[in-house]
Each structure stands twice: as structure tokens, then as C-alpha cells.
Amino acid sequence: MSDMAVALPEIEGRSLWQDAWRRLRANRAAVASLVILAVIAIASIVGPELLTWKYDQIDWDHVEAAPPNFAAGHYLGTDSIGRDLLARVLFGGRVSLMVGVLATAVALLIGVTVGTVAGYIGGRTDQLLMRLVDLLYSVPLTFFVIILMVTFGRNFILMFLAIGAVEWLTMARIVRGQTLTLRTREFIEAARAAGGSTPAIILRHIVPNVLGMVIVYVTLTIPQVILLESFLSFLGLGIQEPMTSWGMLINDGAAELEVTPRTLIVPAIFMTVTLFCFNFLGDGLRDALDPKDR
Amino acid sequence: MSPLLQVRDLKVHFPVRTGGIVVGKYAPLKAVDGVSFDLAAGETLGIVGESGCGKSTLGRAVLQLLPATAGSVAWLGTELTALDKDEMRARRRDLQIVFQDPLASLDPRMTAGDIIAEPLRNFHPALSSSERKARVQKMMGEVGLLPGMVNRYPHEFSGGQCQRIGIARAMILRPKLIVCDEPVSALDVSIRAQVINLLMELQRAHGLSMLFISHDLAVVRHISHRVMVLYLGRVMELAPQDLLYAKPLHPYTQALLTAVPVPDPVRERAKPRTVLLGDPPSPLNPPSGCVFRTRCPHATSVCTDVVPPLETAEGGHTVACHHWRKIGGYVMPGS
Ligand code: SF4
């Protein structure tokens, strides 16, 4: 046995993350989704700057939803008041993706922290945190939004606050439930016996083990947040014309569905593709993070 | 020389809900009820008993993984039950445990290398990653794992290999005491001996003290210097290994030992039997007096009324039975 050991080359240690990344790369759907998402994200960030027409610029020669006209630089035509549709969709993507990703990230951070702490420590801490979650759950979103508006006035940041405040609640509950079952597992007891402190156990054992679950939920949350944003914007909190987002574009497009379906279809395609990609990516990540699934 | 570990009248009771609709009614489940023993450096104490006798609870309570209801656990003269969380955490460097279910006790999302390195991260955070790696590799060699296995996940190992990982994790800090909670009962019979021998080797090489918990009398006999017999959370008999197996004094031990088959048909048939009647009573409602009396062929009225104290017989043999002198140590055939 010992000479076998000598014969083997020096072995590099690998972490769960390196392994996950390696496995994710082997998943074609996930990689394709990642590429498409990257393309959409880059296009949304730099696209509006490169196009001839700005998102809020009206082309008086092509009003009333003109069809695509390459010579004039309207690659996807214009909307009902003559603004370039592609520029608007890309600019809307900026807003939607930013809201989707940032608000979800905030929800993820708070939700996972509260969920794992409540679930692992249990007792009073758990009671207190979960009652807080229940309390916030019971506040209707519209009511909450109106209060925010009255106190702070219209503000882009408030939208993040409102969405974040709503979305982390479910996350916290899911994570807490998972943590409760994990806590009774023997390897957690083993970690305690090995001298792990509470934060170390939560970070090293609980979080990686709830992550698969959490990531699937994240991919469901991002679409939800993007839709919630259009609702909030409709209420007057969040973004206002001439700024736009995918949710708003779809809203506007739906109103003109019979006249110019293009104004609905284009943003709808962008949004659907994005949401699909998030789903595939989420599935891929969940599998990649589970070592049992090679 | 004062013992490494001194346990006195240790009790672990769990409140169990027995009724009540709004306000629950609770009764204490006395998993461990007044256990005392000492453990010297380099000594192995075997703890045997049927399942549910509180032996695993006892092991965890000694390590403060479960809170003791009453009694004392003194480690090198320090009362562990009085320590706060951080002080206790510091002591864990010396006090380790090997679990029964090897796979369940390993984090499924950690590689073998990370699992074995975890105690090092906790107690030697300053160690560079290459030093840590070197120590993990050395430890893996000691427990018979190949260096190429560091990156594998627990589910890729066999039960025996998982248990070796568990042992490596427990040993890497060079602890002074290891509690082995049925370390081989979940393993294939064919690899039990290997794991037992590994534990014995490590113990000898490092002068470890060990609490070896098992329901398997043959395994306990092989590994232990002294053996403690538990029944319903109480000590029935505690004796040096050779004495206990050759001349058990307590009716319960006698019954346990005669139930072990002897590999010789003639002697096996000639063997006197003390059959254990029925199941052990519920620990929620243990019998009065001697807890074993419901199944004891020698029980009399004094057994119902008075809890038998632990009495000392010759050669460091202690036994908790009113009638042990009368029953007489009965010599096991063939030993
Ligand atoms: S005290 Fe009585 S009941 Fe208990 S073991 Fe001895 S003889 Fe049996």
C-alpha cells in the first residue's frame, strides 16, 4: 500500500466550487444559457450607447409604429410614438436585469442568513425571526408600497427596498425548513464534535447543503422580480416614462396588440428567452453543486 | 495517578411529551441515570448493552454533545458540564468521536481531504494550506487511505473507507480520548475486524483512551481493558475484561453472555442458559428497585423495593445486584 502511495503523483486539492464549475461546463444547456444571458446582458449594457437612436428620442419621420427600416437605423421598427424599439428593448433589459439580479441578490443574502441562523440556532432566536417574517408577510405589498411612497416620495431605490422586503421572506422560510432537517443530520453533530463554531458550521456545512435548493428558488425569483417591477412601475413607484423596462414594454405592447403585435412580441421574446436561460442555468447549477450527480 | 476522565452520577433525561392538549404533559425519559466511572490514560472502556440502554447517549453526554441533566464529567480535573460553549469548544481538541453511521457522519458536499482537514481548520487556523495538506496526507496514510482519494466525495467510498475517513478526522488533532459509538456495527462483517484493528493500533501508537460503545460482546471483549454493562441507563456491572467474560456476576451479564454462541456444538449444547424474558421495559417508566427485576430469574421482593448499590467484588469487579453473592459468579464454559 505504501509504495502505491509513493507512485501516485502529487494531488491538488479541489473545492466544491471548482468541482461545481467543472460539472457545470459539462452541461450543454447550462453553458448555452450562460452564453445567451451574457450576450443579452452585454447588449443591454453597451447596446443603447451604440445605436443611432436613443431610447427616449422620437424620430418624427417614423412615428406610429413604423416597420423595421435599416436605412433609418430602426432595426426593429419604432413604437407608437416613434421611438426606436430595439433601443427601448435593450434599455429596458438594463433596468429589468439590474432589478432582477440585484433585488434577488439582496433577497438571497438576507433570506439565507436569516433562514440558516434561525434554523440552526433554533429556540428563541428562531421564534423571534420567524415571527418577524410572519409579520412582514401579512403586510400587503400595495399597502407597503404606498407607505414607502408617502414617506420617501418617488424613488428608484425604493423599488429595490420594496421588492427585497417581499422576496427574502419566502427564501428565509425555505432555507429555515431545510436547515431544520440538516441540523439533525449526523455530520452536523460531527462538525460540532470536531470543534466547529456556530458561524463555521453554518458557512461550511449548512449553506453548501441548502444551496442547491436555494439556487432553484433564485431562478424562480428573478422572473418574479422582473414582473413585480412592472407592477410597481405601474403604481408609480420605480421607473417612469420615458425610462422603461421589459415589464413596461410588454404592458404597453399588449395595449396595441391588435394594431402592431411587434411592439409586444419583441420585448416578450427577450424576456422569455432570458427567463428560460435562468431556469436552465439554475437546473445546471443545482446539479453541479450536488457531488452525487456526476 | 488521577484518572483522565472521571464521570460521577451522570444523568441525561429527555422530556417526552406524554399527553396534554394545549399545555403538554412531560415525563422524563431517563436515558442515562446515575452512571459513574473512571478512565485512565491509554485505557479502553467497553460499554455494552442492548439498543436503547443509553450507551450512545452516555458517550455523547461525556463529550457534551448532549447536555447532562445532572452529575459531573471531569476531564483532567476540569468540570466539563460547567464550561461555556467556547471553553468547551477549546477542549474538543482532546475529545473526539467516531460515529456509528460512517456515511451519515460525513458532509456529502465535502471531499475526503476537506473532511479530514476540518478539525485542523478549527484548531490550527494559522496552518498554511500546504502544511495542512501534508498533515491530511499523513493521516490518510495512517488509516490506510490512498493519497489519491483526497478529492473524492463520501458517497464514492465504501462503508469501511468512510469509517476510515471518520477515524482520520477524529485522530488528526491527536486527541487524548476517543469515543467510539458503535463504530463497526454499520459495517460489513468482513471489514469489521480491519477497522477494529486499526482502532487498536492507533490507540497503542498514541496512548489514547477510548470509550468503546457497542452491543457486540465479542468485539468489546477484543478491544477493551474494562467493560461496563448498562441496562436502562444504569450500570449493572463494571469489571476488567477478563474477569467479566470469565466470571460474570450480574444476572443480566450472564444472560447476555450465554446468548453468545460458542463455536463448539458440544459445549454449546452443554452451556447453561439464562434466557432473557421479554423486552426491556420502557425507560419512560422503569421498574422500581432494580431495573432488571422484570426480566431477572433471581428477583425477590427486596429487588422491587430497594435499588441495588454498586458493590465491589474481588479484582476491581463491581456489580449492582442484591443477590450476587448467592447467585455466585458463574464460570463461563470454555473461558
Ligand atoms: S437485584 Fe434482584 S432483580 Fe436485580 S439483578 Fe439482582 S437478583 Fe435480579
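Throughout, protein chains are lettered first and strands after them, A, B, ... in sequence-line order, and every chain is numbered starting at 1. Excluded from the calculations below are hydrogen atoms, water molecules and symmetry mates; all remaining heavy atoms, backbone and side chain alike, are included.
- When all heavy atoms of B:Ser105 and A:Ala190 are compared, the closest pair comes out as O-CB, 3.6 Å.
- Other residues, nucleotides and ligands place more than 12 heavy atoms under 6.0 Å from the CZ atom of B:Phe157.
- Closest non-hydrogen pair, A:His205 versus B:Asp107, comes out as ND1-OD2, 2.7 Å.
- Interface remark: B:Gln96 contributes side-chain atoms only to the contact with chain A (heavy atom separation under 4.5 Å).
- Taking a 6.0 Å sphere around CZ of B:Phe123, one finds it holds more than 12 heavy atoms contributed by other residues, nucleotides or ligands.
- Looking at A:Ser197, the atoms closer than 4.5 Å to chain B (heavy atoms on both sides) sit in the backbone and in the side chain alike.
- In this structure a side-chain-to-backbone donor-acceptor pair under 3.5 Å is present from B:Arg89 to A:Gly195.
- Other residues, nucleotides and ligands contribute more than 12 heavy atoms inside 6.0 Å of the CZ atom of A:Arg131.
- Inter-residue side-chain proximity for A:Glu189 and B:Phe99 is flagged as met; some heavy-atom pair is nearer than 4.5 Å.
- Per-residue heavy-atom pair counts under 4.5 Å with chain A were compared for B:Arg60, B:Lys85, B:Arg169, B:Met88, and the maximum is reached by B:Arg60.
- Proximity to chain A (any heavy atom under 4.5 Å) is shown, for B:Leu63, by neither the backbone nor the side chain.
- Contact detail for A:Arg185 and B:Pro108: the closest heavy-atom pair is NH2-CG, 4.0 Å.
- Of the candidates A:Leu211, A:Val207, A:Asn209, A:Asn209 is the only one forming a side-chain contact (heavy atoms from CB on, under 4.5 Å) with B:Arg109.
- At a 4.5 Å heavy-atom cutoff, the contact between B:Leu95 and chain A is made by backbone atoms alone.
- Note that CZ of A:Phe187 is 10.5 Å distant from CG of B:Leu103, once rounded to the nearest 0.5 Å.
- Listed here is the closest heavy atom pair of B:Arg92 and A:Arg192: CD-O, 3.1 Å.
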